[in-house]
Amino acid sequence: MGASLHAAQRTGQSTFDLASLNLNLVPPPPPVVPISTNRDREVQLSRRVKELEEELRSMRVENEKQVSVLDRRNCSLWVEKRP
């Protein structure tokens, strides 16, 4: 089939009739996006925000723990080096 199409194009013959196409058709309306899709996305993003807030809280707690450990180490070093 591909060879016959190429042969027809080489000889200048068209394999389809452009007149058969109705170019005056009204284009179809764009697809309607359901409202629930936006709502689902909003719920998904809300969950993600809550997850990130919880992660932030836990990171802050961990950071405070590390700061207190470093403060204790620095304090004990400072006391030892004191003249």
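Residue indices begin at 1 and follow the sequence shown.
To the nearest 0.5 Å, atom CD of residue E55 and atom CZ of residue R57 are 11.5 Å apart. Taken to the nearest 0.5 Å, the OG atom of S46 stands 4.5 Å off from the NZ atom of K50. One finds the CG atom of L52 at 14.0 Å from the CZ atom of R47 (value rounded to the nearest 0.5 Å). To the nearest 0.5 Å, atoms CD (Q66) and CG (N63) are separated by 6.5 Å.
Here E42 pairs with R39 in a salt bridge; the nearest charged N to carboxylate O distance falls below 4.0 Å.
Counting heavy atoms from C-beta on, the side chains of R73 and V69 come closer than 4.5 Å.
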